[in-house]
Amino acid sequence: MKTLFFTIALTLISTLGFTQDSGNTITVTVENFTNNDGIAMIALHTSDTFMKGQGIDNLESKITNGKVTFTFENVAPGEYALLVLHDANENKRMDYDDNSMPKENYGMSNNVRSFGPPQYDDAKFNVSNKDLELSIRL
């Protein structure tokens, strides 16, 4: 009987220990979608992943009334950047014209507008020991 009690107690303690949050929450509201077609995709990047493919955390959502809210949970303190894409045709990638200009709207943290590829240093922000609420406009 004691063995059964200790087994149950150990299991509960182990389970509760793993359910604790290990980081912060970043809530991102993305506005100004031109329509509700397709999906919105967002990626949380470090300097190592920025503009090199998938981020360290990637989310997608349907667009409602030209707006989407994303939530990244358990984000460790550090430096990050966000990239957002309005994937109108839902092919999971950015589409380009023949002259290499993007066909689909995109945005990044700090709402930087650039003539050329996005730059990490322009979009970076810091996560410390508190939750963040950010807004991005396309």
Q: What's the separation between atom CE in M41 and atom OG in S61, rounded to the nearest 0.5 Å?
A: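 Taking CE in M41 and OG in S61, the distance rounds to 12.0 Å.
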
Q: Search all heavy atoms of R93 against all heavy atoms of D87 and return the closest pair with its distance.
A: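 Closest pair (atom of R93, atom of D87, distance): O-OD1, 3.7 Å.
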
Q: According to side chain to side chain contact (heavy atoms under 4.5 Å, CB included), who are the partners of N65, at least two apart in sequence or on a separate chain?
A: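 With neighbours one apart ignored, the set is empty.
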
Q: What are the two closest heavy atoms between S109 and A81, and how far apart are they?
A: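 Between these two residues, the closest heavy atoms are OG-CA, 3.6 Å.
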
Q: In this structure, would I39 and L85 fall into the same cluster of hydrophobic residues linked by side-chain contacts under 4.5 Å?
A: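 Same hydrophobic cluster.
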
Q: Return the minimal non-hydrogen interatomic distance between G55 and T49, and the atom names on each side.
A: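 Heavy-atom minimum between the residues: CA-OG1, 4.1 Å.
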
Q: For N89, what residues pass the side-chain hydrogen bond (donor to acceptor under 3.5 Å, both in side chains) criterion, not counting sequence neighbours?
A: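 N89: side-chain hydrogen bond (donor to acceptor under 3.5 Å, both in side chains) contacts with D95.
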
Q: Any donor-acceptor pair under 3.5 Å linking the side chain of Q119 with the backbone of P117?
A: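 Confirmed, Q119 side chain pairs with P117 backbone.
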
Q: Taking salt bridge (charged side-chain N to carboxylate O under 4.0 Å, His left out) as the test, write out the residues that go with D131, two or more places apart.
A: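 None.
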
Q: Does atom CG of D98 have more than 12 heavy-atom neighbours from other groups under 6.0 Å away?
A: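 No, not enclosed.
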
Q: For residues 34-54, pull every pair meeting salt bridge (Lys or Arg N to Asp or Glu O under 4.0 Å), keeping only residues two or more places apart or in separate chains.
A: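 Checked against salt bridge (Lys or Arg N to Asp or Glu O under 4.0 Å) - neighbours excluded - no pair reaches residues 34-54.
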
Q: Who pairs with E79 by side chain to side chain contact (heavy atoms under 4.5 Å, CB included), at least two apart in sequence or on another chain?
A: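 Partners of E79 under the side chain to side chain contact (heavy atoms under 4.5 Å, CB included) test: Y120, K124, N126.
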
Q: So which atom in P77 and which in S128 form the shortest heavy-atom distance, rounded to 0.1 Å?
A: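 Looking at all heavy atoms of both residues, the closest pair is CG-O, 3.7 Å.
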
Q: Do Y106 and E104 touch side chain to side chain, with heavy atoms closer than 4.5 Å?
A: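 Of all side-chain heavy-atom pairs linking E104 with Y106, none is under 4.5 Å.
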
Q: Tell me every residue that passes side-chain hydrogen bond (donor to acceptor under 3.5 Å, both in side chains) with Q54, counting only those two or more places apart in sequence or in another chain.
A: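 Applying side-chain hydrogen bond (donor to acceptor under 3.5 Å, both in side chains) to Q54 gives N58.
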
Q: What is the distance from atom OH of Y96 to atom NZ of K103, rounded to the nearest 0.5 Å?
A: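 Here the rounded value is 12.0 Å.
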
Q: Quick one: list whatever passes side chain to side chain contact (heavy atoms under 4.5 Å, CB included) with T71, sequence neighbours left out.
A: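 Side chain to side chain contact (heavy atoms under 4.5 Å, CB included) list for T71, sorted by chain: T25, T27, E73.
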
Q: Which distance, rounded to the nearest 0.5 Å, do you find between the NZ of K67 and the CG of N36?
A: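 Interatomic distance, K67 NZ to N36 CG, rounded to 0.5 Å: 12.5 Å.
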
Q: Partners of N110 by side chain to side chain contact (heavy atoms under 4.5 Å, CB included), sequence neighbours excluded?
A: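 N110 satisfies side chain to side chain contact (heavy atoms under 4.5 Å, CB included) with V112 once adjacent residues are dropped.
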
Q: Considering residues at least two apart in sequence or located in another chain, which fulfil the side-chain hydrogen bond (donor to acceptor under 3.5 Å, both in side chains) criterion with H86?
A: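 Result, side-chain hydrogen bond (donor to acceptor under 3.5 Å, both in side chains) vs H86: none returned.
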
Q: What heavy-atom pair brings F50 and P118 nearest, and what distance separates the two atoms?
A: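 Smallest interatomic distance, heavy atoms only, reads CE2-O, 3.5 Å.
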
Q: Residues two or more places apart in sequence or in another chain: which of them pass salt bridge (charged side-chain N to carboxylate O under 4.0 Å, His left out) with R113?
A: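 With neighbours one apart ignored, the set is empty.
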
Q: Give me the other members of the hydrophobic cluster that L138 sits in, counting Ile, Leu, Val, Met, Phe, Trp and Tyr linked by side-chain heavy atoms under 4.5 Å, directly or via other members.
A: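 Hydrophobic cluster check, L138: joined to I26, V28, V30, F33, I42, L44, I56, L59, I63, V68, F70, F72, V75, Y80, L82, V84, F125, V127, L132, L134, I136.
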
Q: Taking all atoms of both residues into account, what is the closest heavy-atom pair of S114 and G116, and its distance?
A: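 That would be OG-O, 3.1 Å.
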
Q: Show me the pairs that pass salt bridge (Lys or Arg N to Asp or Glu O under 4.0 Å) and involve residues 54-63, at least two apart or across chains.
A: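 Sorted result for residues 54-63: E60-K92, K62-E90.
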
